[in-house]
Amino acid sequence: MKKTAIASAIAAAMVSAPTLVSAATSDAMPEIYGNVQMIYTNSDHEDFEGSGSQLTDYTYSTLGIRNSHEIMPGVEAFGKLELEGFFPTEGETNSSIETDEAYLGVRGNFGEVWVGSDDSQYEVLIGDYGNWYYEVGNGNFYSNWTTGEDDLIQYVSPSFGGLTLHGVVQVDGKSERDENGQSRDNKYPYQLGVKYQLDRFSVALAMDSNDGAANNENTYGARVDFAVTDALSLNAFYSTQKGDESVAAANETVGADPVEPAESFGNVAENTGLGEDLIGVQGIYTMGASRFTLSYEMEEDDVDGAGDGKRESTNITAQALHNVSDNLYVYVEGLHRNDEEGDVYDSAYNELNIGGVYIF
């Protein structure tokens, strides 16, 4: 699930997505919200697809409704439904519209528990820069967690002196039926995590069992955030998954088109059993209504892909974002990615994105 810059900033400050619905909205009319995004993107990939440009929104524009209300003293019920895939640049509604988030739950002094489709806790606690911080992120790397965002039961504990506990289980997920509609063995992939927050410093640890994936080796991650000042913040994360050589050997066509949107570009290792070691460091500086972000990422496959050798990749991304008003922000985002070893990846990928987002 792709997040906007403003949404990701909110998510980084909060424990879990449902807390975005505050107690202040309790017993009020449901809130209808959304955003419209326009992006001009220009990309160039040496020795593969060449250069190209387009005006798009990569299905990031959304429309949603959410609410919460008190059902008994100290206990709230909440729910959310959000749609994506409007493609405003095409000038018409099409069949690409789909559910992005849809859940219901309760919260109180016991913590929060909710059921449905939403960001998983590995994604929230560890995350990756392409998904949370950058508006487009086609060439950023994505962590190898495979427990999806649908059919989830999630729990976040109350804070114990800054310490919160996080758990997720996916009920059946994509393993409910095979292509012929027949029942298959149920699988219940899960995630566990812990986060400790102390003033300007936080550290998080998480794991994903990946039980529903062809490569079901566990994914482990760690993340550290530190707000140096009110204007400057730093963070770093590490995510690792052991590769499965048999799965990688069965996927000889390693190398998705890197000019495709982020989901197909960033998650090649996840889909082919290669595994990965991924590390990222990032600095964010805010000056008035503007925000400047710079990051460096490094990724290495754990096993060879189709005999082409382990892919080693680096990425530098920079972004300048300006809040024109409470409802409108614009940005410029540049990326340079260098891939070494293996098939079509022996080259560099450059991308420039200019865009705007209107929030309502």
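Side chains are part of it too, since the values below use all heavy atoms of this structure and drop only hydrogens, waters and symmetry mates. A quick note: this is a predicted structure, and the numbers were derived from the prediction, not measured.
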Point to revise | Test ring-ring contact (aromatic ring centres under 6.0 Å, His included) applied to Phe237 - qualifying residues, sequence neighbours left out | key: Tyr129
Checking the side chain of [X] only, and the main-chain atoms of [Y] only, is there a donor and an acceptor separated by less than 3.5 Å?
X: Ser143; Y: Gly127; value: yes
X: Gln191; Y: Tyr122; value: yes
X: Thr219; Y: Asn144; value: yes
X: Gln170; Y: Asp150; value: yes
X: Asn131; Y: Tyr142; value: no
X: Trp132; Y: Glu123; value: yes
X: Ser209; Y: Tyr190; value: yes
X: Thr41; Y: Asn353; value: no

For [X] and [Y], which heavy atoms make the closest approach, and how far apart are they?
X: Asn218; Y: Asn210; value: C-ND2, 3.7 Å
X: Asp128; Y: Phe141; value: CB-O, 3.6 Å
X: Asn215; Y: Lys242; value: ND2-O, 3.3 Å
X: Trp145; Y: Ser120; value: CZ3-OG, 3.8 Å
X: Thr62; Y: Tyr60; value: CG2-O, 3.2 Å

Do we see a donor-acceptor contact under 3.5 Å between the side chains of [X] and [Y]?
X: Asn138; Y: Ser43; result: no
X: Ser233; Y: Asn235; result: no
X: Asn327; Y: Ser325; result: no
X: Glu312; Y: Asn338; result: no

Check your understanding: Could you state the interatomic distance from OG (Ser117) to CD (Glu82), rounded to the nearest 0.5 Å?
Key -> 11.5 Å
Review point. When rounded to the nearest 0.5 angstrom, what is the spacing between OG in Ser295 and CD1 in Ile316?
Key: 8.5 Å
Looking at residues at least two apart in the chain, or sitting in another chain, which of them share a side-chain hydrogen bond (donor to acceptor under 3.5 Å, both in side chains) with [X]?
X: Glu333; answer: Gln319
X: Asn216; answer: none
X: Tyr296; answer: none
X: Glu217; answer: none

Please determine whether residues [X] and [Y] belong to a single hydrophobic cluster, defined as Ile, Leu, Val, Met, Phe, Trp and Tyr linked transitively by side-chain heavy-atom distances below 4.5 Å.
X: Ile97; Y: Phe360; value: yes
X: Leu294; Y: Tyr331; value: no
X: Val203; Y: Val228; value: yes

Revision key, fill the gap. Going by chain and number, the hydrophobic cluster around Leu152 (ILVMFWY, side chain to side chain under 4.5 Å) further includes Val168
Practice item. Might you confirm whether atom CG of Leu328 has over 12 heavy atoms from other residues, nucleotides or ligands at distances under 6.0 Å? Key: yes
Point to revise | Phe78 and Trp114 aromatic ring geometry - parallel, tilted or perpendicular at 30°/60° bounds | key: tilted
